[in-house]
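A, B, ... follow the sequence lines: proteins, then strands. Residue 1 opens every chain. Quick caveat: nothing in here was measured; it's all calculated off a predicted structure.
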Amino acid sequence: MTEDIRVRYAPSPTGHLHIGNARTAIFNWLFARHYNGTFVIRIEDTDSARNIADGEKSQLENLAWLGLDWDESPDKPGVYGPYRQSERNEQGIYQEFIDALLASGQAYKSYKTSGQLASEREAQQAAKQAPHYVYEYEGLTNEEREAKYAEFEAQGLKPVVRFRVPEEQVYAWDDIVKGHIEIGAKEVGGDWVIQKADGMPTYNFAVVVDDHLMKISHVLRGDDHVSNTPKQIMIYEALGWDVPKFGHMALIINGETGKKLSKRDENLLQFVEQYKELGYQPQAMVNFIGLLGWSPKGEDEIFSLSEFKEMFDEKRLSKANAKFDQKKLEWVNNQWMRRDTDAVMPQLIQELVNAHLISADDAADKKKWLSEVIKVAGVDGISYTRQIVELVRKPFFELGDITDEMVEYLTSEDGRKVAAAWESTYESLPTDATPADYMSTIRAIQNDLEIKGRNLWNPIRIMTTHEVQGPNLPEMLTLLDKNTVLKTMRDVKEKYLA
RNA sequence: UGGGAGGUCGUCUAACGGUAGGACGGCGGACUCUGGAUCCGCUGGUGGAGGUUCGAGUCCUCCCCUCCCAGCCA
C-alpha cells in the first residue's frame, strides 16, 4: 500500500466483548491485514462511572481468543500512546485542544444545571420541537461573557465546555459503505459538550483528537455513529485537521426486538465469552460473524480468518442490519468441530470431567475409549462441546429408568422371545466382538424368530442400555464393558421377566 | 417531532437492467430399530402503488415500515 493504512478498534470497558463489538473488531482487523496496514486498539474509558473492573482485560482476551492480533494497544504501546483515554486525559492531551477552541471562540463554558437542561428539553418537546441546546450568551461581547463566567464561578458552579456549532455548515463525506452522506450542522441538536464538568472529554471530541493524533486513516465502525459523524467533522475542521475516511457498517441486531444488541437482552447469548464457555470454536465465531453483513463472491460458507483476510473487500459490506441467528451459528460451529474432531477431542473430554462423569485421572487413562465413546455417541451432531455431556451420559456412565413403554416392549410375547434369544447369544460372544459380529447376531435372531423392527431392536436396547433410542447399537456394544452389560441384563430380567 | 440510514424466503445472503440462486431453519421421505448422524426431496421472498423500458429486486415518483442520532453515554 502506498498510503499508510491505520485503523482502530476502540472499545469502552463498560462490559465484556459482545458479538457486535467483536464484529467491528474483526472487520477492522481484516481491513488492516488485507491492506498491510496497522491495527490499533484504544480504550475509551472516559465514563468512569460505567467502567467495570477487568472490562479492558476481558475485551483483549476475547479478541485474542478469536485469533486477532494487534500492533498497538495499552498492553503493546506504540509511538502514539498512551492508548487509554483516561491516561491521555491525565497528560493533558485533550485539554490543549479544548483550550485552543476556547481561545479562538469556537467553544465556550456553559454553566447550565442538569435541571435547567431537562426543563428546556421538556418545553421543546411539549412544543413539538426536536430537542436542541439553546445558546445562553447570544449577543454578548467576549468581556460580558467572561463576566458571566465569573459570576457563575462565584456561585460555585462547575462548567462544561460546549462546541459552538457553525449552524450554516453542511457536512458531507463519502462513506466507504453507504456512499455519499450529507448532514446539516443545524441538525445535530445545537452546541454540544466536548468536556464534562469532571474534566473528561466526551466521546465525540476525544475520538477525533485521538484518531488524528494516532494518524488513523480509516474509521470503520457501526452505523449507529452516522449521526455523530458531522459533530466529529466539525472538530477536525475547527482544529484544521484532515478528515479520515469513514465507513459505517450495518449493525448486528436482536432478532426479536429488531434493535441493536443491548446488555439488557438476557434471552440472547450475546457475549463472546458465553460462547467460549459452551465450547464454541473461535474459528466458528469468526466464520459466522464474518458472514454477517459481508459476503464473498462464491457460494462457500466455511472460511478461516486468514481466508477472510485474503478475500476481504470493503465493497462487499452490506448496508442493511443483520439479525443474529443462533441456529446458523450452531451449524457453523458444528462444521468446524467436524472439520477436525480429533483436535477438539481434549476439549470434549474435559467437558466430561467438568460434568463429573469421570475423574481427570481416569480420563487420562481411558483417552482412547473416551474418544470412541464420544464419536459413537454422535459428536457429529452436536452444536458445541458442552452438549456432548448429555449425549454420552446414558448409557455410558449412568443407566436411565425403565419406562412403562419399555416394559411393554420387554414383556410382550415377542419381547420375551427376543430377550431370551439375545441373552444366550450375547453371553457366548467374545469380548472383542466387532460391530459386524453384533449385527450378524441380531440378524440371526431376526431370522430365527421372524421378528423385526422395533419389536426386535427395542428389547435388546432396553436389556443392554435401559434406552429405546441412542447411537448405533452394535457400535455401542463394543464400547460397553461386557460384565457390566451382563449384570444390567440380569437385573432387567429379574425385575421384569421373572 | 427533526435529521440520517435501511427494507430480497422465517433468518443470513447472491443476482453487468436479462431464468430471483445458495445456506441455515422448518417439513417430508429413505436408512427392513431410534435419530441430534447420513442421503434425497419439498417449502418459502424482492414492503406497497404508479412510471420508464422489449424487459425492473436493480432506474424515477409517491407512500408504508424498521433502525440510528438528537445525553455532562459511548
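Taking the ring axis of A/W336 as reference, the NZ or CZ atom of A/R339 stays within 45° of it and closer than 6.0 Å to the ring centre. Both cation-pi conditions hold for A/K112 and A/Y133: the charged atom is under 6.0 angstrom from the six-membered ring centre and inside a 45 degree cone around its axis. Taking the centre and axis of the six-membered ring of A/W192, the NZ or CZ atom of A/K231 falls inside the cone set by 45° and 6.0 Å. Taking the ring centre of A/Y135 as origin, the terminal cationic atom of A/R164 falls inside the region bounded by 6.0 Å and 45° from the ring axis.
Spacing between atom CH2 of A/W457 and atom C1' of B/G35 amounts to 13 Å, rounded to whole angstrom units. If you measure from atom NZ of A/K231 to atom P of B/A74, you get 11 Å, rounded to the nearest angstrom. We find that CD of A/E299 is positioned 11 Å from P of B/G21, with the value rounded to whole Å. Look at NZ on A/K319: it is 19 Å from P on B/G57, rounded to the nearest Å. Atom P of nucleotide B/A70 and atom CD of A/Q232 are separated by 12 Å, given to the nearest angstrom. The nearest whole Å value for the distance from the CD atom in A/E330 to the P atom in B/C12 is 16 Å. Per the geometry, CD1 belonging to A/I462 stands 11 Å off C1' belonging to B/U34, to the nearest Å.
Nucleotide B/U34 forms no Watson-Crick or G-U wobble pair with any nucleotide shown, as no partner meets the under 3.5 Å limit on both distances. Of the nucleotides present, none pairs with B/G44 by Watson-Crick or G-U wobble criteria with both distances under 3.5 Å. B/A49 is paired with B/U61 under the Watson-Crick or G-U wobble criterion, all donor-acceptor distances under 3.5 Å. Across all strands shown, B/G4 is found opposite B/C67 as a Watson-Crick or G-U wobble partner, with both distances under 3.5 Å. In this structure, B/G10 forms a base pair with B/C24, meeting either the Watson-Crick or the G-U wobble geometry with both donor-acceptor distances under 3.5 Å.
Among A/V332, A/L30, A/L66, the one residue that satisfies the side-chain contact (heavy atoms from CB on, under 4.5 Å) test with A/V286 is A/L66.
At a threshold of 4.0 angstrom between heavy atoms, the contacts of A/K112 include nucleobase atoms, whether or not backbone atoms are also involved. Backbone-only contact: A/R454 has heavy atoms under 4.0 Å from sugar-phosphate atoms and none from a base. Heavy atoms of A/G222 sit nowhere under 4.0 angstrom from any nucleic acid atom. Across all strands shown, A/I183 has heavy atoms under 4.0 Å from sugar-phosphate atoms exclusively, and none from any base. Within the 4.0 angstrom heavy-atom criterion, no nucleotide atom of any strand lies near A/I382. Using a 4.0 Å heavy-atom cutoff across all strands shown, A/A320 reaches sugar-phosphate atoms only and no base atom. Note on A/T14: nothing from the nucleic acid sits closer than 4.0 angstrom, heavy atoms only. Using a 4.0 Å heavy-atom cutoff across all strands shown, A/N321 reaches sugar-phosphate atoms only and no base atom. Across all strands shown, A/H225 has heavy atoms under 4.0 Å from base atoms, whether or not it also approaches the sugar-phosphate. Among the protein residues, A/N204 comes within range of the nucleic acid bases, having at least one heavy atom under 4.0 Å from a base atom. Across all strands shown, A/K452 has heavy atoms under 4.0 Å from base atoms, whether or not it also approaches the sugar-phosphate. The residue A/V226 sits close only to the backbone: its heavy atoms come under 4.0 Å of sugar-phosphate atoms, none of a base. Note on A/Q387: nothing from the nucleic acid sits closer than 4.0 angstrom, heavy atoms only.
A donor-acceptor contact closer than 3.5 angstrom links the side chains of A/D191 and A/Y108. Counting only N and O atoms by type, the side chains of A/E301 and A/Q335 include no donor and acceptor under 3.5 Å apart.
Comparing the P positions of B/U53 and B/G10 gives an interatomic distance of 33 Å, to the nearest angstrom. On the C1' atoms, B/C67 is 26 Å away from B/C72, given to the nearest whole Å. Across the C1' atoms, B/U8 and B/U46 are found 4 Å apart, a figure rounded to whole Å. Rounded to whole Å, the separation between the P atoms of B/G50 and B/C12 comes to 28 Å. Going from the C1' atom of B/A20 to that of B/U13 covers 13 Å, rounded to whole Å. Separating the P atom of B/G57 from that of B/C40 is a span of 32 Å, rounded to the nearest Å. The same atom, P, is picked in B/U43 and in B/G3; the two are 46 Å apart, to the nearest Å. For the C1' atoms, the distance linking B/C24 with B/A49 amounts to 34 Å, nearest Å.
Residue A/S295 places at least one side-chain N or O under 4.0 Å from the OP1 or OP2 atom of B/A14. Side-chain N/O atoms of A/K196 include one lying less than 4.0 angstrom from OP1 or OP2 on B/A74. Remark: A/S318 is in phosphate contact with B/U13, judged by side-chain N or O atoms under 4.0 Å from OP1 or OP2.
Under the 4.0 Å criterion applied to side-chain N and carboxylate O atoms, A/E167 and A/K186 are not assigned as salt-bridge partners. The pair A/R50-A/D47 meets the salt-bridge criterion, with a side-chain N (NZ, NE, NH1 or NH2) lying under 4.0 Å from an Asp/Glu carboxylate O.
Within 6.0 Å of the CG atom in A/D401, the count of heavy atoms belonging to other residues, nucleotides or ligands does not exceed 12. Summarising the local packing, CD of A/E256 is surrounded by 12 or fewer heavy atoms from other residues, nucleotides or ligands at distances under 6.0 Å. The number of heavy-atom neighbours closer than 6.0 Å to CD of A/E168, taken from other residues, nucleotides and ligands shown, is 12 or below.
You cannot call A/W331 stacked on the base of B/C24; the centres under 5.5 Å and planes under 30° rule is not satisfied.
Mapping A/G470 and A/V188 onto RNA chain B via the closest heavy atom, the residue that lands nearer the 5' end is A/G470. Heavy-atom distances to RNA chain B give each of A/K260 and A/E187 a nearest nucleotide, and the one nearer the 5′ end belongs to A/E187.
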Show each protein N/O and nucleotides 43-46 of chain B N/O combination with a separation under 3.5 Å, one pair to a line.
none

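A/D224 contributes no side-chain N or O that forms a donor-acceptor pair with the base of B/A74 under 3.5 Å. Residue side chain A/K328 reaches the base of B/A23 through a donor-acceptor N/O pair under 3.5 Å, judged by distance alone.
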- Item | CA sep, side-chain torsions, deciding dist, call: A/E56, A/R84, salt bridge (Lys or Arg N to Asp or Glu O under 4.0 Å) | CA-CA 10 Å; A/E56 175 187 323; A/R84 287 187 194 96; 2.7 Å; yes
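For the segment residues 334-341 of chain A, residues with any heavy atom less than 4.0 angstrom from an atom of RNA chain B are, sorted by number, A/R338. Contacts between residues 119-132 of chain A and RNA chain B, counted as heavy-atom distances below 4.0 Å, involve A/R121, A/K128, A/A130, A/P131.
In this structure, A/F303 and A/F308 have tilted ring planes: the angle between them lies in the 30° to 60° band.
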